[in-house]
Number of protein chains: 2
Amino acid sequence: MSVTHTGVTGPAALEPCGQPEHPDCGIRDVLDRVGDKWSVLVIVELAGGPRRFREIERAVQGISQRMLTLTVRRLERDGLVRRTVYPTVPAQVDYRLTEVGASLTHLVKALADWSLAHREIIAGARDAYDAEHPGHDIH
Amino acid sequence: MSVTHTGVTGPAALEPCGQPEHPDCGIRDVLDRVGDKWSVLVIVELAGGPRRFREIERAVQGISQRMLTLTVRRLERDGLVRRTVYPTVPAQVDYRLTEVGASLTHLVKALADWSLAHREIIAGARDAYDAEHPGHDIH
DNA sequence: CGGGATCCCGTTGGATACTG
DNA sequence: CAGTATCCAACGGGATCCCG
C-alpha cells in the first residue's frame with residue numbers, strides 16, 4: 001500500500017495557507033481580528049442592538065474596562081463597529097455594528113451552533129484522551 | 001435597509017453571552033479550541049487530506065516544531081484530528097481530520113471567504129481610522 | 001459615565017539542543 | 001522523521017489610579 005497521497009486530495013479543498021505564493025488564505029486576517037479573548041463576545045452583545053460602554057461591560061462578564069476599550073477601539077478601527085458620542089453631561093457613548101460587522105454575526109452564530117452541537121462529543125474525546133494519557137498535560 | 005433593530009434583535013439572534021445564567025453561548029468553547037495562532041491553519045492544511053508531521057510543518061509556514069506538536073496534540077485530544085503511527089523505521093506518523101474536525105472546515109472556509117470578501121473594506125476603514133487618529137496606536 | 005495611563009504578572013510561543 | 005526538553009522574550013490582559 002503506497003502512501004502516495006501526494007496529489008490534491010479532498011473535494012473543493014481549502015487553498016494552501018502559509019506558502020509564499022499564498023501568504024495566507026485570508027484566515028489569518030479574520031483570526032487576528034476576532035481571535036482574541038473578547039472581540040467575538042462584544043460583537044455578539046452588539047448583535048442585540050446598540051449598547052453603551054457600561055452596558056457592554058456588564059453584559060460581557062469578566063472583561064475589564066481596559067480590554068473593553070481596546071477591543072471596541074480595534075473593532076471601530078476595522079470598521080466593524082461604529083462609535084457615537086452624544087454631547088451630554090456626563091458623556092454618553094454608544095456602539096453599534098456596522099453592516100460589515102453585522103455580516104460577521106452570521107458566521108459567529110454558525111460557530112456557536114457548531115460548538116453547541118459538538119460540545120458533548122468533544123468533551124468525551126477529551127476525557128478519553130486524558131484517561132489514556134495520564135499526567136500528560138497539553139493545555 | 002435601516003439599522004433600526006433597537007429591540008430584541010433580528011432573526012434567530014445570538015443569545016446573550018457572559019451572564020451567570022448563560023455562562024456563555026458556546027463561542028468561548030470554539031474560540032478556546034481554534035482561536036490560537038495555529039490551530040485553524042493546521043485544520044486547513046489537513047482539509048486537503050492526510051499529512052505527515054513534516055508536511056504540515058512545511059505547509060504552515062512559520063510554525064515551530066514545538067507549536068506544531070502542541071497544536072496537533074490538542075486537536076487530537078479534542079477529537080478533531082486522528083493521529084496514526086506506522087511502525088516503520090524511522091517512525092512515520094500521519095494526521096487526518098476526523099468527521100468532527102472535517103465538519104469544522106466548512107465554517108473555517110466561510111470565515112476565510114468572509115475575510116477575502118471584506119479585506120479591502122476593512123483595510124480602507126483601518127487606513128481612514130489611522131489617518132484621523134495619528135499617533136494613536138491600538139494594536 | 002467613558003475612558004486614559006501605569007504597573008505588573010501569567011501565558012503564548014519562538015529558538016535551540018537533544019532523543020528514539 | 002517525529003518528536004521532547006529548556007530557556008527566554010514578547011505580548012495579552014488584569015488591577016489600580018486618575019481625569020474630563
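Proteins get letters first, then strands, A, B, ... in listed order; numbering begins at 1 in each.
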Q: Round to the nearest Å and state the distance from L68(A) atom CG to dG13(D) atom P.
A: 13 Å
**Q.** Ionic contact status for K109(A) with D113(A), cut-off 4.0 Å
**A.** yes
Q) Regarding R83(A) and Y95(A), is there a side-chain donor-to-acceptor distance under 3.5 Å anywhere? A) yes
Q. Does a donor on one side chain sit under 3.5 Å from an acceptor on the other, for D78(A) and Y129(B)?
A. no
Q: Provide the start and end nucleotides, 5' to 3', of the part of DNA chain C that has atoms under 4.0 Å from heavy atoms of chain A.
A: dC1(C) to dT6(C)
(Q) Is it the case that the side chain of E57(B) and the backbone of R54(B) share a donor-acceptor pair, with hydrogens and angles ignored and the cut-off at 3.5 Å? (A) no
Every protein N/O within reach of nucleotides 1-4 of chain D N/O, cut-off under 3.5 Å:
residue : atom : partner : partner atom : Å
dC1(D)  : OP2  : R54(B)  : NE           : 3.2
dC1(D)  : OP2  : R54(B)  : NH1          : 3.4
dC1(D)  : OP2  : R54(B)  : NH2          : 3.3
dC1(D)  : O3'  : R52(B)  : NH2          : 3.0
dA2(D)  : OP1  : R52(B)  : NE           : 2.9
dA2(D)  : OP1  : R52(B)  : NH2          : 3.2
dA2(D)  : OP1  : V93(B)  : N            : 3.4
dA2(D)  : OP1  : V93(B)  : O            : 3.4
dA2(D)  : OP2  : R54(B)  : N            : 3.0
dG3(D)  : OP1  : R73(B)  : NH2          : 3.1
dG3(D)  : OP1  : R83(B)  : NE           : 3.3
dG3(D)  : OP1  : R83(B)  : NH2          : 2.6
dG3(D)  : OP2  : Y95(B)  : OH           : 2.3

**Q.** NE2/H133(A): more than 12 non-hydrogen atoms of other groups inside 6.0 Å
**A.** yes
Q.
Based on the rotation axes of five pairs at each end, what angle does the helix from dC1(C)-dG20(D) to dG20(C)-dC1(D) bend through, to 10°?
A. 50°
Q. What distance do T69(B) atom OG1 and I138(A) atom CD1 have between them, rounded to the nearest 0.5 Å?
A. 9.5 Å
Q. Taking atom P of dA5(D) as reference, at what distance in whole Å does atom CE of M67(B) sit?
A. 16 Å
Q) To the nearest 0.5 Å, how far apart are CG in D137(B) and CZ in R73(A)? A) 13.0 Å
Q. Are D94(B) and R51(B) within salt-bridge range, i.e. N to O under 4.0 Å?
A. no
Q) From L80(B) CG over to T98(B) OG1, what is the distance, rounded to the nearest 0.5 angstrom? A) 5.5 Å
